[in-house]
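Everything quoted here is computed from the prediction, not taken from an experiment. We name chains A, B, ... by the order of the sequence lines, and we start the count at 1 in each one.
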2 protein chains.
Amino acid sequence: MPILCTVDVVLLTLNPQLQVALLPRDRAPLAGALALPGGFIHADEDADPLAAAARMLRAKTGLDCPYLEQLATFGGPGRDPRGWSISVAHVALVPADLLARGAAGLRWHPVDALPALAFDHAQIVAQAVARVRSKSQYSSLPVHLCGERFTLPQLQAVYEALLGEPLNKVSFRRRIDEMDLLEPIEGERTGGAHRPAQLWRLKDRRRGALTLTDRLLGPAVLAP
Amino acid sequence: MPILCTVDVVLLTLNPQLQVALLPRDRAPLAGALALPGGFIHADEDADPLAAAARMLRAKTGLDCPYLEQLATFGGPGRDPRGWSISVAHVALVPADLLARGAAGLRWHPVDALPALAFDHAQIVAQAVARVRSKSQYSSLPVHLCGERFTLPQLQAVYEALLGEPLNKVSFRRRIDEMDLLEPIEGERTGGAHRPAQLWRLKDRRRGALTLTDRLLGPAVLAP
DNA sequence: CGAATAGTGTCTCTCAGACAATATCGG
DNA sequence: CCGATATTGTCTGAGAGACACTATTCG
């Protein structure tokens, strides 16, 4: 009996709390149970586990992975009733404003109040959330939960939602500035009955990889 | 054709530089080539990937995993000539003074001057080293490269070897003290033609998990 | 006592966070 | 002008790192 090889994706958004995308399973085993988007690796079309996860994300959610990284691999004899199985779990982040399109059938649930999940998916979600919160302390990861353009107060609110505590405005701006991460969008500003905020976007050079700070933004959190 | 499921272990020690344990392959494919200790997951005896890695470590090196954690999973159609394969890679740390026993057939190589390796193992080693160096900045991970008992100057030298730069003695001791990680071994001290150093050991409570600092020990390094 | 290494006290300079002043919008 | 939010300047206290002093061993 060969080992079953799957990938799963913990797709997260912030709206306004951290939420995870779940899908009711449409077949046995555990038909109807809520589960992460995922499925078997296809040896004939996937170049690696990340590509398999991107394919899964596209197929099940219609989204073209904005941010996608490998999380960890879960395996064992009991997690799937069909036999010894492996799941290469991934984390994906999507800005809330992209959710309008393509979200057919997805059910979003706050990560702090999850229903029962199929297999060991609750554990996978927990580890994904811990990873995201941990990386939020020292990297630019949260920008991938903002849209293409955003203001600094918006970005700070995203960091605060992930870290679970208010941040000092001056320090936060110093950090972001030190990262040399953003560039202002000239002329564009947000409206409202008050002073509008400057809009920013990621510098081209920063699109691919995360940028790290050399000082933490918040208190230490358990790293996965 | 099912996907091949394997685990590999990047076993590292410090002696006095960071070195990785390699084994010449004893069978096809790539018989004779240097490779990481690893092998197929056995669905009938392994409880999960970590247990498979521990079994592999015991079988191929005789060591009972002192520190072992999952690193990442590598997979694709080309990395093993036998077909689409998955390797759940792990990192293990062992104090240099445990190497006397059980190291039959292991070849130790400095990680900064590796020979050609089989499969994609060079990439796996590189990622493992990056992970270890990154975690050395903000956690107690390096204590697992020391023996059961050690002095603070020894521990500082281990951190410095991993981080690649000298650390401030006063700050280093402040950090270690804040972590509430160690307890002195009363009465025992190291000898020499000079003042002997206090011996320390991990507090029981700290055996299992890593302890984190809330400030970094060195400058930021790329996190895996 | 001198050499060598271990351990500690202290000073300074940097920087994180608090506070507050200024800027810019709509009404 | 007023209310509201954005942005920036300044001050202060905590702490990291530099430096140097004390401690302890052997010869």
_Backbone of Val88(B) reached by a side-chain donor or acceptor of Thr6(B) within 3.5 Å_ =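 Here the side-chain-to-backbone pair does not exist.
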*Judged by atom type as modelled, is there a donor-acceptor pair below 3.5 Å linking the side chain of Ser140(A) to the main-chain atoms of Thr211(A)?*
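Answer holds: yes.
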How many Å lie between [atom1] on [X] and [atom2] on [N], as a whole number?
X	N	atom1	atom2	value
Ile176(A)	dA6(D)	CD1	P	16 Å
Asp177(A)	dA6(D)	CG	P	18 Å
Gln156(A)	dT8(D)	CD	P	14 Å
Trp200(B)	dA6(C)	CH2	C1'	12 Å
Leu199(A)	dA6(D)	CG	P	12 Å
Leu155(B)	dA6(C)	CG	P	13 Å
Leu152(B)	dG7(C)	CG	P	6 Å
Gln154(B)	dA6(C)	CD	P	9 Å

_Whether Arg207(A) and Asp204(A) form a salt bridge (side-chain N of Lys/Arg under 4.0 Å from carboxylate O of Asp/Glu) is what I want to check._
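Yes.
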*Using a strict 4.0 Å threshold on nitrogen-to-oxygen distance, state whether Lys135(B) and Glu69(B) make a salt bridge.*
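Salt bridge flag = yes for Glu69(B) with Lys135(B).
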At a cut-off of 3.5 Å, list every protein nitrogen or oxygen paired with a nitrogen or oxygen from nucleotides 21-27 of chain D, distance to 0.1 Å.
unit_1: dA23(D); atom_1: O4'; unit_2: Arg195(B); atom_2: NH1; d: 3.4
unit_1: dA23(D); atom_1: N3; unit_2: Arg195(B); atom_2: NH1; d: 3.1
unit_1: dT24(D); atom_1: O2; unit_2: Arg195(B); atom_2: N; d: 3.0
unit_1: dT25(D); atom_1: O2; unit_2: His194(B); atom_2: N; d: 3.3

*Matching residue for Glu183(A) among Lys203(A), Arg201(A), Arg206(A), Arg149(A) - test: salt bridge (Lys or Arg N to Asp or Glu O under 4.0 Å)*: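 Only one option passes, and that is Arg201(A).
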*Which letter, B, S or -, goes with each nucleotide of nucleotides 10-17 of chain C from 5' to 3', with contact meaning a protein heavy atom under 4.0 Å?*
------BB
*For the residue pair His144(B) and Pro66(B), establish whether any side-chain heavy-atom pair is separated by less than 4.5 Å.*
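They are not in side-chain contact.
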_A side-chain contact here means heavy atoms from C-beta on lying under 4.5 Å apart; do Leu145(A) and Leu162(A) qualify?_
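Result yes, sub-4.5 Å side-chain heavy-atom pair found.
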*Sequence neighbours excluded, which residues qualify as ring-ring contact (aromatic ring centres under 6.0 Å, His included) partners of Phe119(B)?*
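Once residues adjacent in sequence are excluded, the partners of Phe119(B) under the ring-ring contact (aromatic ring centres under 6.0 Å, His included) criterion are His121(B).
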*With distance as the sole criterion, is a donor-acceptor pair present between the side chains of Gln123(A) and Gln127(A) under 3.5 Å?*
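Per modelled atom types, Gln123(A) and Gln127(A) side chains form no pair under 3.5 Å.
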